[in-house]
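Chain letters run A, B, ... following the sequence lines, proteins first, then strands; residues in each count from 1.
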2 protein chains.
Amino acid sequence: MAARRGSTKDKRYEGPARAEKNEKTADGEVRWLSPAEQETWRAFLAATRLLFEELERQLQQEAGIPVTYYEILVALSEAPDRTIRMRDLADLTRSSPSRLSHAVSRLEETGWLKRVSCATDRRGAFAHLTDKGFAALEAAAPGHATAVRRHVFDRITPKQADELGRILAVIRDGLDAEGRCPGVPT
Amino acid sequence: MAARRGSTKDKRYEGPARAEKNEKTADGEVRWLSPAEQETWRAFLAATRLLFEELERQLQQEAGIPVTYYEILVALSEAPDRTIRMRDLADLTRSSPSRLSHAVSRLEETGWLKRVSCATDRRGAFAHLTDKGFAALEAAAPGHATAVRRHVFDRITPKQADELGRILAVIRDGLDAEGRCPGVPT
DNA sequence: GCAAGGACTTTGAGCGTTCAACTATTCCCG
DNA sequence: CGGGAATAGTTGAACGCTCAAAGTCCTTGC
């Protein structure tokens with residue numbers, strides 16, 4: 001990735017040339033990424049793309065579902081009664097209501113999930129993981145866990161894993177907070 | 001089951017997917033993630049999902065293109081003559097040839113890219129970034145860089161950024177190596 | 001030379017996601 | 001109580017991606 005500095009003739013992409021001088025936009029100053037940060041960011045993009053593609057392929061071949069559906073099954077499997085209100089399930093899995101609705105529809109067709117209407121709030125619906133769905137999850141879990149271990153945790157030290165978790169939790173919390181109260185400055 | 005793609009029902013069932021502890025099964029060992037590893041992994045999933053969704057939304061609204069298209073433009077902008085052979089561009093951006101072909105077609109429609117046929121290898125094609133495409137990239141860059149900085153690098157220390165880069169490079173290299181020579185252990 | 005196999009690229013179908021409506025119900029406040 | 005606003009969930013179209021299959025051209029061995 002690379003394209004280390006000054007390859008050939010052209011401008012290496014560190015932002016437009018004019019930005020060297022004029023760093024202002026409508027809302028203030030543009031602080032480009034430093035070379036080190038760029039390298040990190042490109043590693044981020046490459047690693048996550050490769051990783052998710054690999055996990056997706058693995059899970060699709062062995063279990064026939066995408067990773068996001070797997071996450072839905074996991075969330076349900078951990079809930080009391082294996083049943084969660086749609087809204088809460090959307091929050092847990094960080095999906096949009098729309099995505100969740102489509103996904104649940106799809107999983108309902110395979111018989112792994114069931115929609116249950118809510119007695120106290122007639123707008124509402126629950127998603128319930130069926131025994132068949134739970135069995136499917138049990139069958140899919142070892143392969144998926146093995147893949148995650150193989151591509152991530154077997155490659156880094158426990159200390160690095162800890163640090164990775166801490167870093168990603170910070171990033172996650174930042175985005176989560178922003179999602180909940182939009183318009184609040186850092 | 002609606003004939004999903006790789007729908008291999010009735011997979012081998014490799015032992016109970018119970019247990020947070022490590023255990024063995026008949027035909028091989030499944031090493032589950034430790035509680036700490038699970039927490040890290042869930043942070044990974046949540047952070048990357050939120051982050052990419054946010055960047056996608058930002059870039060889509062401000063520039064009208066997905067992040068992956070942006071990466072293609074960046075790669076081209078750094079190349080001599082702003083021109084790269086399709087195969088090499090696919091490697092650089094870690095896309096499948098198919099994805100790249102679709103993407104280039106799309107970007108060609110907007111006039112940001114141009115396909116140029118190769119004289120010495122008539123199977124081949126180059127992708128060339130037009131002036132219009134370069135201008136579009138210049139216009140999109142500040143917003144994108146700002147978003148990346150805001151959600152990632154402004155939230156972590158430089159030391160953490162370094163460590164993050166090192167960790168992700170290891171993961172990336174592992175997957176890269178595996179992609180090139182499948183079947184090689186570790 | 002020539003055939004067989006490999007490399008480069010494109011195409012079309014199917015799937016999951018997003019986005020923008022839309023329906024239905026509940027909440028809130030005067 | 002009544003009516004507007006908020007909440008829960010669904011739907012359909014558009015779009016990007018994957019996969020399989022194909023077309024086109026190059027290369028290698030004989």
Checklist entry - Relative to each other, are the rings of A:W41 and B:F153 parallel, tilted or perpendicular (30° and 60° limits)? => result perpendicular

Item to check | Basic-acidic side-chain contact under 4.0 Å: B:R106, B:E109 | outcome: yes

Item to check | side-chain hydrogen bond (donor to acceptor under 3.5 Å, both in side chains) involving A:E53 - partner list, sequence neighbours excluded | outcome: B:R99

Next on the checklist: Going by ring pair (Phe, Tyr, Trp, His ring centres under 6.0 Å), name the residues that satisfy it together with A:H144, two or more places apart in sequence or in a different chain.
Outcome noted: A:Y70

Please enumerate all protein N or O atoms sitting under 3.5 Å from an N or O of nucleotides 19-25 of chain C, with distances to 0.1 Å.
from	atom 1	to	atom 2	distance (Å)
C:dC19	N4	A:S98	OG	2.6
C:dT25	O2	A:R123	NH1	3.4

Item to check | Separation of D:dC25 P from B:M86 CE (nearest whole Å) | outcome: 16 Å

Checklist entry - If you take all heavy atoms of B:L76 and B:A127, which pair is closest and at what distance? => result CD2-O, 3.4 Å

Checklist outcome for this item: What residues 41-52 of chain B contributes to the DNA chain C interface at heavy-atom separation below 4.0 Å is none

Item to check | Partners passing side-chain hydrogen bond (donor to acceptor under 3.5 Å, both in side chains) against A:R122 (at least two apart in sequence or in another chain) | outcome: none

Checklist entry - So which nucleotide from D:dT10, C:dG16, D:dG16 ends up closest to the side chain of A:R115? => result D:dT10

Item to check | For atom CD1 of A:I65 and atom P of C:dG16, their distance in whole Å | outcome: 10 Å

Checklist entry - Any ion pair linking A:D131 and A:R82 (charged N to carboxylate O, less than 4.0 Å)? => result yes

Checklist entry - Should A:T130 and A:L113 be marked as a side-chain contact (heavy atoms from CB on, under 4.5 Å) after you check the CA-CA gap, both sets of side-chain angles, and the distance that decides it? => result CA-CA 5 Å; A:T130 63; A:L113 246 59; 5.7 Å; no

Next on the checklist: Nearest whole Å is fine: how far is C:dG16 C1' from A:L55 CG?
Outcome noted: 17 Å

Next on the checklist: Near DNA chain C, counting only heavy atoms under 4.0 Å, which residues of residues 104-114 of chain B show up?
Outcome noted: none

Checklist entry - For A:L59 and C:dC15, what is the distance between atoms CG and P respectively, to the nearest whole Å? => result 17 Å

Checklist entry - Across the strands shown, which category fits B:P97 at heavy-atom distances under 4.0 angstrom: base, sugar-phosphate, nothing? => result base

Checklist entry - Rounded to the nearest Å, what distance is computed from the CD atom of residue B:E53 to the P atom of nucleotide D:dG16? => result 16 Å

Checklist entry - Between B:R42 and A:E71, is there a side-chain N and carboxylate O pair less than 4.0 Å apart? => result no

Checklist outcome for this item: Of D:dT18, C:dG16, D:dT10, the nucleotide closest to the side chain of A:T68 is C:dG16

Checklist entry - Relative to the 5' end of DNA chain D, which residue comes earlier, A:A125 or B:A119, by the nucleotide with the nearest heavy atom? => result A:A125

Checklist outcome for this item: In whole angstroms, the gap separating C1' of D:dG9 from CG of A:L100 amounts to 10 Å

Item to check | Spatial distance of atom NZ (A:K132) from atom NZ (A:K114) [nearest 0.5 Å] | outcome: 13.0 Å

Checklist entry - In terms of hydrophobic clusters joined by side-chain contacts under 4.5 Å, are A:L107 and A:F126 together? => result no

